[in-house]
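Here's the structure we're looking at; comments come further down.
Keep in mind the model is a prediction, meaning the values are calculated, not measured. In what follows, every chain begins at residue 1, and chains take the letters A, B, ... in the order their sequences are listed.
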Amino acid sequence: MISLPLPPPRTVLELMAGARHIAGLSLGELAAELGQVVPADLRRAKGFVGSLLERALGATAGSRAGPDFPELGVELKTLPVDAVGHCLESTFICTAEVGDLAGVEWEHSRLWEKIRCVLWVPVEGTRTLSVDQRRIGAPFLWQPDGEEEALLRADWELLVSMMARGQFDSLSGHLGQHLQLRPKAAKGSSRRRAFDEDGARTLEQPKGFYLRARFTEALLHRHLLGN
DNA sequence: TATTGATCATAT
DNA sequence: ATATGATCAATA
């Protein structure tokens, strides 16, 4: 047996090995090894699974900005799945700037920096399963290929250009084939400085970029088929 | 019932 | 206040 939490991984291969090591464990078993208590449900602990996995695998970034494993340039994301392999939720990637959008380019965007190398860890997320019984699945590393990058870039450019033009009234979670923009705030009343269609200062709801569940599901299934 | 809009806890 | 980790829950 290897003791948990694992030390900070020195290489991507080491991180992968750690993730494979905890695959098959239930969240209850993993939490017990870390001396943590598992909440009865996630209503008041929405980040529990992600934080638990970070701790187990030796992530050190905490809630600081940037990737979970800065030295490796790897972002860790849990992926809630059901028994059949369907993704149950979209995946939050990063907050979106709603003002001062001039000159932002895809290659230097926070979105691209976040997703250029992701270690996905599927975790059972069916709500009828108690949290402690949910099992951790096999991890897989994803670096978007040219086609995937082009698809995400197209969505990103549409959404960002609309915000840059102040077209917030036309924005909704319906836009974007694979990447969407949705509210991301503690309260519905939260506001950030932005500019309206006439360039006048205004306040808008904070927003975040999310990968649609069907997109992450395609990644998962492609991995399962061997790629 | 799939999806969008709203929300919760914690760290800095 | 804002960024981290996301899932909840109302709506269409």
Less than 4.0 angstrom between a side-chain N/O of A:Lys187 and OP1 or OP2 of B:dA6, yes or no? no

Considering heavy-atom distances to DNA chain C, does A:Asp68 or A:Asp41 have its closest nucleotide positioned more toward the 5' end? A:Asp68

For a quick check of understanding: with a heavy-atom distance under 4.0 Å over all strands, which category does A:Gly47 fall into, base, sugar-phosphate or nothing? base

I need the CG-P distance between A:Leu171 and B:dT3, as an integer number of Å. 20 Å

Do A:Gln167 and A:Arg165 get their side chains close enough for a donor-acceptor pair, meaning under 3.5 Å? no

Rounded to the Å, how far apart are A:Lys46 NZ and B:dA9 P? 9 Å

With a 4.5 Å cut-off on side-chain heavy atoms, are A:Trp142 and A:Thr216 touching? no

At 4.0 Å (heavy atoms only), tell me whether A:Glu75 reaches a base, stays on the sugar-phosphate, or touches nothing. sugar-phosphate

So what does A:Ala213 touch, heavy atoms closer than 4.0 Å: a base, only the sugar-phosphate, or nothing? nothing

A quick test of your reading: do over 12 heavy atoms of other residues, nucleotides or ligands sit less than 6.0 Å from CD of A:Glu147? no

Mind checking A:Pro206 for me? I need base, sugar-phosphate or nothing, with any heavy atom below 4.0 Å counting as a touch. nothing

Out of C:dA3, C:dA6, C:dG5, whichever nucleotide has its closest atom nearest the side chain of A:Tyr210: C:dA6

If you look at every strand shown and take non-hydrogen atoms under 4.0 Å, does A:Arg212 touch a base, only sugar-phosphate, or nothing? sugar-phosphate

Nearest whole Å is fine: how far is C:dA6 P from A:Arg127 CZ? 16 Å

A:Tyr210: which of A:Phe215, A:Trp156, A:Phe92 passes ring pair (Phe, Tyr, Trp, His ring centres under 6.0 Å): A:Phe92

Without decimals, in angstroms, what is the distance between A:Gln205 CD and B:dG5 C1'? 7 Å

Check: A:Arg153/A:Ser109 side-chain N/O donor and acceptor closer than 3.5 Å: no

Quick check: on DNA chain C, is the nucleotide nearest A:Gly66 upstream (toward 5') of the one nearest A:His174, or the reverse? Name the residue that is more 5'. A:Gly66

Between A:Glu14 (side chain) and A:Arg10 (backbone), is there a donor-acceptor pair under 3.5 Å? yes

Shortest side-chain distance from A:Thr95, nucleotide among C:dA3, B:dC8, B:dT3: C:dA3

Nucleotide B:dT3, atom C1' - distance to CD of A:Glu217 in whole Å: 14 Å

Do A:Lys184 side-chain and C:dG5 base share a donor-acceptor contact under 3.5 Å? yes

With respect to the side chain of A:Leu42, which nucleotide from C:dC8, C:dA6, B:dA6 is positioned closest? C:dC8

Touch class at under 4.0 angstrom, heavy-atom based, for A:Thr78 against every strand present: sugar-phosphate

Nearest whole angstrom, please: distance from the C1' of B:dT7 to the CZ of A:Phe92. 13 Å

Parallel, tilted or perpendicular: which one describes the rings of A:His223 and A:Phe140, with boundaries at 30° and 60°? parallel

A:Pro183 side-chain proximity, nearest of B:dT3, C:dG5, B:dG5: B:dG5

Counting the atoms with a prime plus P, OP1 and OP2 as sugar-phosphate, which does A:Arg44 contact under 4.0 Å by heavy atoms, base, sugar-phosphate, or nothing? sugar-phosphate

Rounded distance in Å - CD1 (A:Ile93) to P (C:dT7): 12 Å

Spacing of A:Asp82 atom CG relative to B:dA2 atom C1', expressed in whole Å: 13 Å

OP1 or OP2 of B:dT3 under 4.0 Å from side-chain N/O of A:Gln180: no

Closest to the side chain of A:Ser90, out of C:dG5, C:dT7, C:dA9, is C:dT7

Could you work out which one of B:dC8, B:dT4, C:dT4 sits closest to the side chain of A:Arg110? C:dT4

Would you indicate what A:Lys207 reaches in the nucleic acid, counting non-hydrogen atoms under 4.0 angstrom: base, sugar-phosphate, or nothing? nothing

